[in-house]
> 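The structure is given below, and queries will be raised subsequently.
Bear in mind that the values here come from a model prediction, so they are computed numbers and not experimental data. Excluded from the calculations below are hydrogen atoms, water molecules and symmetry mates; all remaining heavy atoms, backbone and side chain alike, are included. Letters A, B, ... are given to chains in the order of the sequence lines, protein chains preceding strands, and every chain is numbered from 1.
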Number of protein chains: 2
Amino acid sequence: MASTITDVAKLAGVSAQTVSRTINTPELVSKKTLDKVQRAINALDYHPNITARLLVNNKARSIGLFMPFSSDQVKQSLFFSTLSATICQFCSQNNLIMQMFTSMSREDSSQLFVKLFKERQVGGLILTCPSVSNEELIYLLSEKIPFIIVGRPGILTAQIPYVDVDNVKAGTIAVEHLIQFGHRRIGFLNGPSNMTLSIDLREGVTAISRSFPELEILEAETNLTLECGYIEALKLLQTENRPTAIFTADDLLAVGVKKAADELNLRIPEDLSIISGVQNGWGHILPYKLTHVDTQFEKLGDIAAQHMARYILHEEPINLSTLLEVRLVEGQSCGYVS
Amino acid sequence: MASTITDVAKLAGVSAQTVSRTINTPELVSKKTLDKVQRAINALDYHPNITARLLVNNKARSIGLFMPFSSDQVKQSLFFSTLSATICQFCSQNNLIMQMFTSMSREDSSQLFVKLFKERQVGGLILTCPSVSNEELIYLLSEKIPFIIVGRPGILTAQIPYVDVDNVKAGTIAVEHLIQFGHRRIGFLNGPSNMTLSIDLREGVTAISRSFPELEILEAETNLTLECGYIEALKLLQTENRPTAIFTADDLLAVGVKKAADELNLRIPEDLSIISGVQNGWGHILPYKLTHVDTQFEKLGDIAAQHMARYILHEEPINLSTLLEVRLVEGQSCGYVS
DNA sequence: TCTATATTTGGTATCGTTAACATTTGTATT
DNA sequence: AATACAAATGTTAACGATACCAAATATAGA
């Protein structure tokens, strides 16, 4: 049904190769022929069959993005939608195809990656950190699957390429900021203890607290939901000697803290300072600007895609690791201890 | 580098065709040969080249999803992430490939669709409603591009397949609910007037208000942001004879209304009832359960993908339109007029 | 045992494109 | 005008799989 390169060649009275050249290397074709072929292409509404092209070139021009889709993760954070949107945009701009995949059963995802790559469906994969286990990563390395991880993987001993935000630094500067406001008892609502995000934040917090022996950090683990933030904040704020500031791993937790503060009639920032890490977009909901660490996490997708694109298009090796700079953004949720 | 069907055939001592049969129609192969070939496949770690397979079969097995990516749309609503997640999941389960695309410049998106289909990159497209103009849709029809729209398109005269929530009904039952609570002056924070969502909601509201002549509907247009909801709610609630209830197009607006109500010291639901349409996930943030219309919008992606899959896999015609049922979910944000 | 039929396997062409090489045409130089 | 070289075009083979048809082998019934 659809017209092929041969149809165009016949109509234009040239060989198929000349048509191919007209499309791919027009500088090698005379102006007269170029014109003739172009007219034939238009007349037949010819579109080169990408599949045939890929077969002969023998390389996939698509980036696979693998996402975990447990519904609450999607529902409660804009991280994944931002990531996919960014990568999609990058691919569209760079004439690459973006394919999205998700796991069906938890265990076989590395099998899936190998399959995708070896079947030539994708030229490389972008994986999101918590969804792939260490063993799987090792396996992928051994199978020479080109991949890059968004978020720091659990192991660093192996040569695993990733991009992440500098969460250690984020933890440090957040607490540093609170110290400058005179806070010495600080609540710390961290994420789940098995996430590298949480591990890194804690490391950052610990680092700064080593230089301030009088500092007291009251850490609580949460699952990064509003509800959990609310409950843990209530616990912290109802103790005898309550903290004067709370650092939350993300802004959804900060909203939970605000809810708890409201309930206890604590004014922000007069009675309680709040500072947050990753901004997932929930902070907008607060009646004041939330002081937070700008992690530029929306850049993660772009960087990962760039690395992958360089590998796919020019076979450049994938950089081992990239850490994004973080910086503090002052809002109206932090104040001096009264 | 990678092994081909011929390599496997050689190793197993059979023809390439037999290997192909082993993979695709094992019931036509003797048990003995099956075994032999399977061993060779494993030994060589053979994976059929999808590209070659697609070429000979001459049909694309992928669904293209087109998304608008103006950043605030992604940032403020979980609609797009939910949609892509659902479709991705469906594709993974049905052995289809999901490709995502976004527009580079506003005007050429229909050109892009034609290109994608004719180049055999995709077997069909799922488009999101506001991102494609009526003219483009007509053009796609004329080019016989298989597509389905999520959300009601602006024109219905042409044979345009779509899936949407029954927003007309949603508008009706929301107001009906408020009427049952005795409300007669009702604020209505609608979306942008050019969105079919807004048009449909208004139609539903108008329909019910025709049966209740004493009903007063105070409609205001918003851009579906928190800020806008807050401002418009303030305006409504500061009038001489303020409405006793407000119906918002989505839950983010409802959060804005809550903010305004707090500021004016109006208790919910004692002083003001709030009911919301589409739940984008922001409603969770409120300290009470928001009464809303359950639009099951997370089903939209599934249905669209199902239609597309049936077309791609079995060439079944794409159904013209599907409207999802809506139902009222009672929360704690509506009360009787005092 | 022989034929008829079912089961299993193999050979060749093909999908639509580009790579590699071969050939022709054009242009400049002597 | 003859030669040398560059530019433009054509020819053939290949990418890796499956479709289609032909051939071989096995099985059953007479």
> Return yes if some donor-acceptor pair links the side-chain N/O of Thr18(B) with the main-chain N/O of Val14(B) below 3.5 Å, else return no.
no
> With a cut-off of 3.5 Å and sequence neighbours excluded, list every side-chain donor-acceptor pair involving residues 27-36 of chain A.
{"from": "Ser30(A)", "atom 1": "OG", "to": "Thr33(A)", "atom 2": "N", "distance (Å)": "3.4"}
{"from": "Ser30(A)", "atom 1": "OG", "to": "Thr33(A)", "atom 2": "OG1", "distance (Å)": "2.5"}

> Using the test ring pair (Phe, Tyr, Trp, His ring centres under 6.0 Å), find all partners of Phe297(A) that sit at least two apart in sequence or belong to another chain.
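Partners of Phe297(A) by the ring pair (Phe, Tyr, Trp, His ring centres under 6.0 Å) criterion, ordered by chain and then number, come out as Phe79(A).
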> Distance-only, no hydrogens or angles: does the Thr86(A) side chain make a donor-acceptor pair with backbone N or O of Leu300(A) under 3.5 Å?
no
> Sub-3.5 Å donor-acceptor pair from the side chain of Asn94(A) to the main-chain atoms of Leu96(A), do we have one?
no
> Would you kindly say whether Ser133(A) and Glu135(A) are connected by a side-chain donor-acceptor distance under 3.5 Å?
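Judged by distance alone, the side chains do pair up.
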> Give the intermediate values and the outcome of ring pair (Phe, Tyr, Trp, His ring centres under 6.0 Å) for residues Phe147(A) and Phe113(A).
CA-CA 9 Å; Phe147(A) 70 93; Phe113(A) 304 149; 8.3 Å; no
> Can you name the closest pair of heavy atoms from Leu137(B) and Pro153(B) and give their distance?
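Where Leu137(B) meets Pro153(B) most closely, the heavy atoms are CD1-CB, 3.7 Å.
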> Answer yes or no: is there an ion pair linking Arg310(B) with Glu315(B), defined by an N-O contact shorter than 4.0 Å?
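Looking at Arg310(B) and Glu315(B), the cut-off is not met.
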> Figure out the NZ/P separation between Lys31(A) and dG26(C), and round it to whole Å.
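Computing the Lys31(A):NZ to dG26(C):P distance gives 18 Å.
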> Does anything in residues 32-60 of chain A reach DNA chain D, meaning a heavy atom under 4.0 Å, and if so which residues?
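Only Thr33(A), Leu55(A), Val56(A) qualify.
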> If we ignore hydrogens and angles and just use 3.5 Å, is the side chain of Asp302(B) paired with the main-chain N or O of Lys299(B) as donor and acceptor?
no
> If you walk 5' to 3' along DNA chain D, what is the first nucleotide with an atom under 4.0 Å of a heavy atom in chain B, and what is the last?
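First-to-last contact on DNA chain D, by the 4.0 Å heavy-atom rule, is dG16(D) to dC20(D).
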> In residues 12-26 of chain A, which ones come under 4.0 Å of DNA chain C, going by heavy atoms?
Gln17(A), Ser20(A), Asn24(A)
> Can you tell me if His47(A) and Asn49(A) form a side-chain donor-acceptor pair at under 3.5 Å?
no
> Does any donor atom in the side chain of Ser109(A) or Glu136(A) lie under 3.5 Å from an acceptor atom in the other side chain?
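Side chains of Ser109(A) and Glu136(A): pair found under 3.5 Å.
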> So for the helix from dT1(C)-dA30(D) to dT30(C)-dA1(D), with five pairs setting each end axis, what is the inter-axis angle to 10°?
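Axis-to-axis angle, ends of the helix: 40°.
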